[in-house]
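Report on the structure given below.
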Number of protein chains: 2
Amino acid sequence: MVQDVPPLRADAQRNRDRILNTAAQHFAARGIDASLEDIAKGAGVGSGTLYRHFPTRDALLAATLRKSQEQLLAAAEAARVLHHPAAALQAWLKALQTYLRTFNGLPAPVLAAIKEEQSPLAVSCQKVTSLTEEFLAQAQKNGHACERLCANDLFLAALAMAWVANHVDALGSSCETLDDLLAHGYLRSPCPTQD
Amino acid sequence: MVQDVPPLRADAQRNRDRILNTAAQHFAARGIDASLEDIAKGAGVGSGTLYRHFPTRDALLAATLRKSQEQLLAAAEAARVLHHPAAALQAWLKALQTYLRTFNGLPAPVLAAIKEEQSPLAVSCQKVTSLTEEFLAQAQKNGHACERLCANDLFLAALAMAWVANHVDALGSSCETLDDLLAHGYLRSPCPTQD
DNA sequence: ACCTGAACACCGTTCAAGT
DNA sequence: ACCTGAACACCGTTCAAGT
């Protein structure tokens, strides 16, 4: 399953690293639609070199996201040891939000990767789905989460919230409110003894 | 407030209508990023003509959305006469979802228009916000909706759900599940006597 | 007053030539 | 084996020339 990639020539490795660093900066500053030409220029390489290393924008994105993905997995580990399954689920979704906000506009390619088996982002999507599955099942088992909800739906809802959150900062709303909305919904039972 | 636009020359009016019809078709078929060049060609006009009538993509979009917007307002009227304020709020949000699914990708420019006072879509955004305000307030007054929720947040959440819904059709999830998730949240109180 | 379509700009992507 | 950068393609946008 694991491919043994032959080691790169020294200059190729150097170029790859430069591209990766520059891409991370540009994606962070201008969002995931940052110009690939600019990234190549910023890294001091020809555009062809960028394409040789990363044949698609998604491939470059995926490589650039590696650190964030590791943090996400670490957060999952941390959530696992929480006593309360509902708290664990919430902590996991919080971490997922943080990950999805790594770059402006990231939710879109991630959503696209869910159906595209091919995408370099697809692997991380499957991982996220299975982790969501795990935390959700635990919460459901104890009656803390909605029964007729599947991991996929919850992942999608998280993507949705992350998508608006990207734009929302300058908009008077806070992410906490949106996270809260996702957790509890906008409806309340007629008897206001709930909260 | 209402501007008196001088009547168009006959051929100009004809071109405008053609552009509008063609644009509606293309937006419906390929989403809101449909090529403007293609639309001009399809309408049998030069690209300059398209830009003369609709200086920005958003202007064309807004004009194309007029019918859907009228349907949305009609749905609001219909929701007003519902007895139960929670049902009215749900009906309104359902209609809003339908509107936002008029074209694939519509949520993005609508979201952008919320902060851009300039955008041709901004007027409809204000209308939507004030209607959401109204339905939400009614539901809150009777204890049916979360107190610490503002219309803006709810609008944003609706946009978020519509955004995923655009892509979701071929994805095994249903829009109902997402709407439900927004209404009730993913969490359940420890005592499973709720549902 | 309005229309046309060539011209320009921008950017992603490829590939022949070079090391 | 890898890199460079010119060349091509595509599309949005403008504007001089035409009716």
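So you know, we letter chains A, B, ... as the sequences are listed, proteins then strands, and number each from 1.
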Does B/Thr49 make a side-chain N or O approach to OP1 or OP2 of C/dC2 shorter than 4.0 Å?
no
Report the C-alpha separation of B/His184 and A/His184 in whole Å, then their side-chain angles, then the decisive distance to 0.1 Å, and conclude whether the ring-ring contact (aromatic ring centres under 6.0 Å, His included) test is met.
CA-CA 6 Å; B/His184 302 289; A/His184 301 289; over 10 Å; no
Indicate yes or no: does B/Arg80 engage B/Glu134 in a salt bridge with an N to O separation below 4.0 Å.
yes
Please report the distance, rounded to the nearest Å, between NZ in A/Lys41 and P in C/dG12.
10 Å
Round to a whole Å and report the spacing from CZ of A/Arg52 to P of C/dT19.
17 Å
Between C/dC8 (C1') and B/Glu37 (CD): distance, integer Å
13 Å
Grab the CZ-C1' distance between B/Arg57 and D/dT14 for me, whole Å please.
17 Å
Compare side-chain N and O positions of B/Asn15 against OP1 and OP2 of C/dC3 and report whether any pair is under 4.0 Å apart.
yes
Enumerate, atom names and distances included, each donor-acceptor pair closer than 3.5 Å involving a side-chain atom of residues 30-46 of chain B, sequence neighbours excluded.
residue : atom : partner : partner atom : Å
B/Ser35 : OG   : B/Glu37 : N            : 3.3
B/Ser35 : OG   : B/Asp38 : N            : 3.1

Write down the distance between CG (B/Leu36) and C1' (D/dC10), rounded to a whole number of angstrom.
13 Å
Going hydrophobic residue to hydrophobic residue with side-chain gaps under 4.5 angstrom, can you get from B/Leu82 over to B/Leu89?
no
So B/Asp38, base contact, sugar-phosphate only, or nothing? Heavy-atom distance under 4.0 Å.
nothing
Rounded off to whole Å, could you give me the CZ-to-C1' distance for the B/Phe54 and C/dC2 pair?
15 Å
Short side-chain N/O contact to D/dC3 OP1/OP2 from A/His53, under 4.0 Å
yes
Compare side-chain N and O positions of A/Ser35 against OP1 and OP2 of C/dG12 and report whether any pair is under 4.0 Å apart.
yes
Enumerate, in order of first residue number, the stems that involve DNA chain D, defined as 3 or more consecutive Watson-Crick or G-U wobble pairs with both distances under 3.5 Å.
C:4-8 with D:12-16, C:12-16 with D:4-8
Basic-acidic side-chain contact under 4.0 Å: B/Glu70, B/Lys67:
no
Closest non-hydrogen atoms of A/Ala157 and B/Met161, given as atom of the first, atom of the second and distance, are CB-CE, 4.1 Å
Between B/Tyr51 (OH) and C/dA1 (P), how many Å, whole number?
24 Å
Can you check the B/Leu50 CG to D/dC11 C1' distance for me, whole Å?
13 Å
Assign the ring pair B/Trp163 / A/Trp163 to parallel, tilted or perpendicular, where the plane angle (0 to 90°) is split at 30° and 60°.
parallel
